[in-house]
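Notes for the one structure printed next.
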Amino acid sequence: LESRKKRKKVKKTKENVQEEVLKHTFNPRKGAIKVGATITVSELSSAIGIRASEIIKKLMDLGVLATINQSISGEEAALIASEFQIEIEIEAKDLEDVLKSQATGEAITRAPVVTIMGHVDHGKTSLLDYIRKSQVVRKEAGGITQHMGAYRIYTDAGEMTLLDTPGHEAFTAMRARGANVTDIVILVVAADDGVQPQTVEAIHHAQAANAEMIVAVNKIDLSEANPQRVRQELLSHELVAEEFGGKTTFVEVSAITGQGVEQLMDMIHLHAEMLELKAKVEGLAQGNVIESHLKRGKGPVATVIVKEGTLKVGDYFVAGQTYGRIRAMTNSRGKNLLEATPSMPAEISGLDRVANVGARLHVLSDDKIARQIAERRITRSREEAAVKQRKTQLENLFASIEAQEFIELKLLIKTDVQGSAEALEETFAQLGNDNASVRVIHSASGNITENDVMLASASDAIIIAFDVGMEATAKKVNLDEGVDVRYYKVIYEALEDVKLALQGMLKPHVKEEVIGHCVVREIFNAVKSRQIVGCYVQDGKITKDASIRLMRGDKECYNGPLSSLKRFKEDVKEVGNHYECGVSFESKDVQVGDTIEVYVFVEESITL
């Protein structure tokens with residue numbers, strides 16, 4: 001009987017061992033498995049047939065903390081698989097490698113992409129307005145361009161694409177994107193105003209993008225115009241006019257009368273010929289998103305300039321974290337297009353969300369790959385943001401403890417186009433100091449929705465509405481929530497209001513200000529713990545609500561408030577210079593000849 005029990009116990013033990021080995025497997029793979037440069041824990045679990053919980057345990061043994069939806073490297077995946085006697089081959093080719101495919105066919109001459117840059121109010125939009133024969137300048141609030149536009153221009157000398165970039169300093173990033181996709185930069189400088197800060201910024205963007213530059217000296221029709229002054233001022237920025245022996249072309253124009261505009265067009269085409277601009281037309285298209293926003297009836301739309309290949313209606317594409325299929329495509333005049341060739345601007349619809357401005361657009365043959373790439377980018381972006389947030393929290397932990405109180409102005413930004421939202425967010429991020437900052441909890445294009453109001457209410461945030469309105473349902477909700485909504489048409493008004501609001505939230509700085517000095521001449525009988533002291537005001541004054549510092553040489557004998565201030569036998573509020581007075585304070589350590597320094601605390605408002 002005992003031997004039977006032992007045999008039964010041994011048999012059960014073997015079964016337990018077998019179960020222990022197999023309990024974490026549900027469909028183990030024996031052959032070699034190929035994975036990319038990265039793979040999520042969930043995907044690895046499905047690929048090798050091992051439960052995700054066991055993979056996570058193995059990762060923890062390796063010192064790697066990951067959840068089921070987080071990505072791990074191909075090397076880590078191979079190491080984990082080897083623990084379960086499964087072989088993994090790491091494919092060098094990642095999903096992103098699909099985007100490296102180039103357009104095919106012979107390269108042909110393409111039209112130049114020209115960006116108009118310069119300081120605010122130097123006439124960039126007016127010049128573009130004259131060229132394309134429309135009244136854009138009348139539609140822009142405050143007389144400045146608020147977002148980027150792309151236009152196809154047809155001249156006798158040929159075609160070109162013009163990009164108009166905003167002139168206000170907050171749109172530095174937008175001007176940078178314009179320079180990065182352009183071939184030739186038209187730097188507009190007013191002949192009556194000369195080189196200004198944003199003129200210098202535009203020069204730097206153009207030089208960083210290695211773009212050809214032509215200087216258009218505008219407003220020469222004005223009596224105070226001085227084109228030679230512009231040439232002289234630009235010498236310090238390495239823009240030497242051809243008449244001075246340099247290589248920079250200067251053209252004097254007037255956006256009002258049209259003087260010199262035709263010559264400017266000829267110079268653009270001449271420079272384009274010298275650059276020998278070419279692109280392949282056949283094959284899958286690539287391009288750049290220069291603007292993106294929500295459009296009523298169409299949903300998310302994006303303005304794209306094709307770099308190479310041919311963009312067609314029906315193409316699958318990925319642009320940053322956005323993917324989709326082109327449902328419709330229009331040109332700068334609003335006419336429908338079936339295809340767009342290199343250098344052509346086109347507004348496309350069919351995006352799954354508003355694209356990031358400046359994103360590179362790639363056309364793919366498979367919609368599944370486009371979706372996978374976009375989703376992979378979103379996941380990577382979230383992981384990077386989470387790591388950055390944790391790092392920031394650790395770095396600022398002790399600073400926050402020392403500060404004890406950190407003021408944060410929360411904003412929710414809604415704009416007409418995505419580029420404006422990005423520009424506002426970047427500019428607001430620069431406001432603040434060690435004790436206060438602006439935090440943008442959400443920014444997007446489109447009208448203010450009910451969800452926006454609820455998010456702002458829950459976060460105690462202010463809504464900044466730039467050239468947009470509020471939906472009817474949102475207005476009803478806001479009657480109960482009471483969220484502060486500020487509407488703006490011009491960007492610098494929004495920046496100024498936010499700056500003032502942040503300054504108003506800061507506690508004023510309190511500093512000590514010395515208002516006078518007295519000398520002790522007489523000491524009278526003490527009253528309890530106080531000494532009655534006769535003084536003479538040497539300079540300044542002494543006031544009843546002031547504090548004093550009793551000094552005996554370099555030694556401080558007392559520092560604190562006054563108990564009383566008298567002139568003869570009367571209580572007074574103030575005694576001026578060269579007058580005698582009697583004071584008392586909570587100290588008996590006083591000697592004739594001691595000096596009393598009188599000071600008050602003054603509050604100063606903090607400016608950013």
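Residues Gln418 and His293 bring no donor and acceptor atom of their side chains to less than 3.5 Å of each other. Side-chain contact, His122 with Asp193: a donor N or O sits under 3.5 Å from an acceptor N or O. Thr182 and Thr115 are linked by a side-chain donor-acceptor pair at a separation below 3.5 angstrom, with hydrogens and angles left out of the test.
Among residues two or more places apart in sequence or in another chain, the salt bridge (Lys or Arg N to Asp or Glu O under 4.0 Å) test is passed with Lys414 by Asp452. Scanning for side chain to side chain donor-acceptor pair (under 3.5 Å) contacts around Thr40 gives Glu43, with sequence neighbours left out. Qualifying salt bridge (Lys or Arg N to Asp or Glu O under 4.0 Å) partners for Glu471, counting only residues two or more places apart in sequence or in other chains: none. Applying the side chain to side chain donor-acceptor pair (under 3.5 Å) test to Asp367 and every residue at least two apart in sequence or in another chain returns nothing. In this structure, Asp315 has no salt bridge (Lys or Arg N to Asp or Glu O under 4.0 Å) partners at least two apart in sequence or on a different chain. Residues satisfying the salt bridge (Lys or Arg N to Asp or Glu O under 4.0 Å) test with Asp460, not counting sequence neighbours, are none.
Formation of a donor-acceptor pair under 3.5 Å by the Thr427 side chain with backbone atoms of Ala423 is found in this model.
More than 12 heavy atoms of other residues, nucleotides or ligands shown are found within 6.0 angstrom of CD on Glu481.
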Intermediate values then yes/no, salt bridge (charged side-chain N to carboxylate O under 4.0 Å, His left out), Lys499 and Asp497: CA-CA 5 Å; Lys499 184 177 180 180; Asp497 282 359; over 6 Å; no
Report the C-alpha separation of Arg110 and Asp183 in whole Å, then their side-chain angles, then the decisive distance to 0.1 Å, and conclude whether the salt bridge (charged side-chain N to carboxylate O under 4.0 Å, His left out) test is met. CA-CA 11 Å; Arg110 64 173 178 84; Asp183 304 307; 2.8 Å; yes
